[in-house]
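Written below as structure tokens is the structure these notes are about.
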Protein chains: 2
Amino acid sequence: MSTAEETAGGDTSAWGEVTPDAARRLLIAAVEAFAERGYHATTTRDIAGRAGMSPAALYIHYKTKEELLHRISRIGHEKALEILRTASRREGTAAERLADAVSSFVRWHAGGRTTARVVQYELDSLGPDARAEILALRRQCDAEVRGIIEDGVAAGDFDVLDVKGTTLAVLSLCIDVARWFSVDGPWAPDEVGALYADLVLRMVGVK
Amino acid sequence: MSTAEETAGGDTSAWGEVTPDAARRLLIAAVEAFAERGYHATTTRDIAGRAGMSPAALYIHYKTKEELLHRISRIGHEKALEILRTASRREGTAAERLADAVSSFVRWHAGGRTTARVVQYELDSLGPDARAEILALRRQCDAEVRGIIEDGVAAGDFDVLDVKGTTLAVLSLCIDVARWFSVDGPWAPDEVGALYADLVLRMVGVK
DNA sequence: GCTGAAGGTGAGCGGGCGCTTAGCGTGGCC
DNA sequence: GGCCACGCTAAGCGCCCGCTCACCTTCAGC
């Protein structure tokens, strides 16, 4: 896992690679606005206002409103893929690797709920080209999880009827955390991660 | 389960209660448009056009665009609740009732994907009052599933660590089907329903 | 101190939005 | 046939959208 998970309160970390400072502030403002109201219901005036700038400033750093979503989506998906890859490539049994992947992936969706919501649910608002690029990243995420499950089946550790379907279900379960998780709810991201890791191990019939 | 599930090809059934005919055509057009592009990206001109009417016709049958979403959402949630209730109240072991609930609920999300998408993912576009009304229906859905799981635990049939969390995960898994399911994909609604019923029985540790 | 690049602003454009209104065609009732 | 209620349309209002443009500041380099 990464050295520092996104903190609660306003996951503004992990955008360090975005420069200059004004461009990063606009990006973070866009993430928050998109997460709260959705891409289409968010106005460029709202984004600029949150970043403490005039509406015109947005267009110095980004060509269009859609470019903002594209950048957010790509960075987010790359982070998600990195999380799954790290868990997949560590040492240990398939069960340990799968539990690690699920718990860290869920922690990211719960803790960085704001970002994850945009990343997972605003995909359809991208144009065809950007969308295709992001879908390629998603297929890689799928491949990482499927790889772990296939390893478990091959080693005789898992009992799975349908590898493809189970992979989809596992990812679906994790992703949907971004929809329902709330910081005001009864669980901390860690707790959901642990619960979900247990549930997923049951789903793959770990022995 | 109901006598007739929604058919593929354009789930226009189940709107029989909406009259007159023009109002129903507008509602079905709105469901399709909202599912394809999202509530905020859909225009009233688009809805009216799909229904073969002029933009102004919409306002004879509905006060606002939001009222359309509200009506769709309420009818959809009532249908979802009815599906879960029917499964919950049938005879049989907790495992049989849970498998029934999950498979029929998933079949509805997969087969009536268009409607389910709007119902499950456009909730935030409703105003506070309408939203509160719909959330009450969602809590009832949650209660039906939790009831079955509690029955299974009480009877000693299930092995569950966290009833509330597991209930949430089961519902989350089913609901997210509306996001990823495609009629062009490799599965039929029935197949996903059967797969998911098996996965959920594993999650609750059925003995 | 002058200059040019970089990063910002205020004002506003063209257009499409949700929604309204005046008026038209039509079928039921006397 | 005369009348009216109803369902609908054509036209368009007022607003706010994404985005642009002319201009202003700041500051490094010389």
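The sequence lines fix the lettering, A, B, ..., with proteins before strands; numbering per chain opens at 1. Note that this is a predicted model, so its numbers are computed, not measured.
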Distances for protein N/O vs nucleotides 24-28 of chain D N/O pairs under 3.5 angstrom?
none

For A/Glu150, what residues pass the salt bridge (charged side-chain N to carboxylate O under 4.0 Å, His left out) criterion, not counting sequence neighbours?
A/Arg146
Name the atoms and distances for all side-chain donor-acceptor pairs under 3.5 Å in residues 163-178 of chain B, with sequence neighbours left out.
unit_1, atom_1, unit_2, atom_2, d
B/Thr166, OG1, B/Asp162, O, 2.7
B/Thr167, OG1, B/Val163, O, 2.7
B/Ser172, OG, A/Asp176, OD2, 2.6
B/Asp176, OD1, B/Tyr121, OH, 3.0
B/Asp176, OD1, B/Arg179, NE, 2.8
B/Asp176, OD2, A/Ser172, OG, 2.6
B/Asp176, OD2, B/Arg179, NE, 3.3
B/Asp176, OD2, B/Arg179, NH2, 2.6

Please check if the side chain of A/Glu67 supplies one atom and the backbone of A/Lys63 the other of a donor-acceptor pair under 3.5 Å.
yes
For the helix from C/dG1-D/dC30 to C/dC30-D/dG1, what is the angle between the axes at its two ends, each from 5 pairs, rounded to 10°?
10°
When the distance from CG of B/Asp21 to C1' of D/dG7 is rounded to whole Å, what number comes out?
12 Å
So, taking the atom named CG in A/Leu81 and the one named CG in A/Asp142, what distance separates them when rounded to the nearest 0.5 Å?
11.5 Å
Here the ring pair (Phe, Tyr, Trp, His ring centres under 6.0 Å) pairs for residues 37-83 of chain A, sequence neighbours left out, are A/Phe34-A/Tyr39
Set of residues satisfying side chain to side chain contact (heavy atoms under 4.5 Å, CB included) with respect to B/Ala194, sequence neighbours excluded
none
Under 3.5 Å, N/O pairs linking protein and nucleotides 17-21 of chain D:
unit_1, atom_1, unit_2, atom_2, d
D/dG18, OP1, A/Thr42, O, 3.1
D/dG18, OP1, A/Lys65, NZ, 2.9
D/dG18, OP2, A/Thr44, N, 2.8
D/dG18, OP2, A/Thr44, OG1, 3.1
D/dG18, N7, A/Arg45, NH1, 2.9
D/dG18, O6, A/Arg45, NH2, 3.0
D/dC19, OP2, A/Tyr59, OH, 2.9
D/dC19, OP2, A/Lys65, N, 2.9

Residue set satisfying side chain to side chain contact (heavy atoms under 4.5 Å, CB included) with B/Asp46, at least two apart, ordered chain then number -> B/Ala33, B/Arg37, B/Thr42, B/Thr43, B/Arg50
Any donor and acceptor pair, going by atom type alone, linking the side chain of B/Glu122 with main-chain N or O of B/Arg117 inside 3.5 Å?
no
Going by the rule salt bridge (charged side-chain N to carboxylate O under 4.0 Å, His left out), which residues pair with B/Glu144 if we only count those two or more places apart in sequence or in a different chain?
B/Arg85
Test salt bridge (charged side-chain N to carboxylate O under 4.0 Å, His left out) applied to A/Glu96 - qualifying residues, sequence neighbours left out:
A/Arg90
Please determine whether side chain to side chain contact (heavy atoms under 4.5 Å, CB included) holds for the pair B/Ile149 and B/Val145, giving the CA-CA distance in whole Å, both sets of side-chain angles, and the decisive distance to 0.1 Å.
CA-CA 6 Å; B/Ile149 293 178; B/Val145 174; 4.2 Å; yes
Can you pull every protein N or O that's under 3.5 Å from an N or O on nucleotides 6-8 of chain C?
unit_1, atom_1, unit_2, atom_2, d
C/dG8, OP2, A/His61, NE2, 2.6

Partners passing side chain to side chain contact (heavy atoms under 4.5 Å, CB included) against A/Asp21 (at least two apart in sequence or in another chain):
A/Arg24, A/Arg25
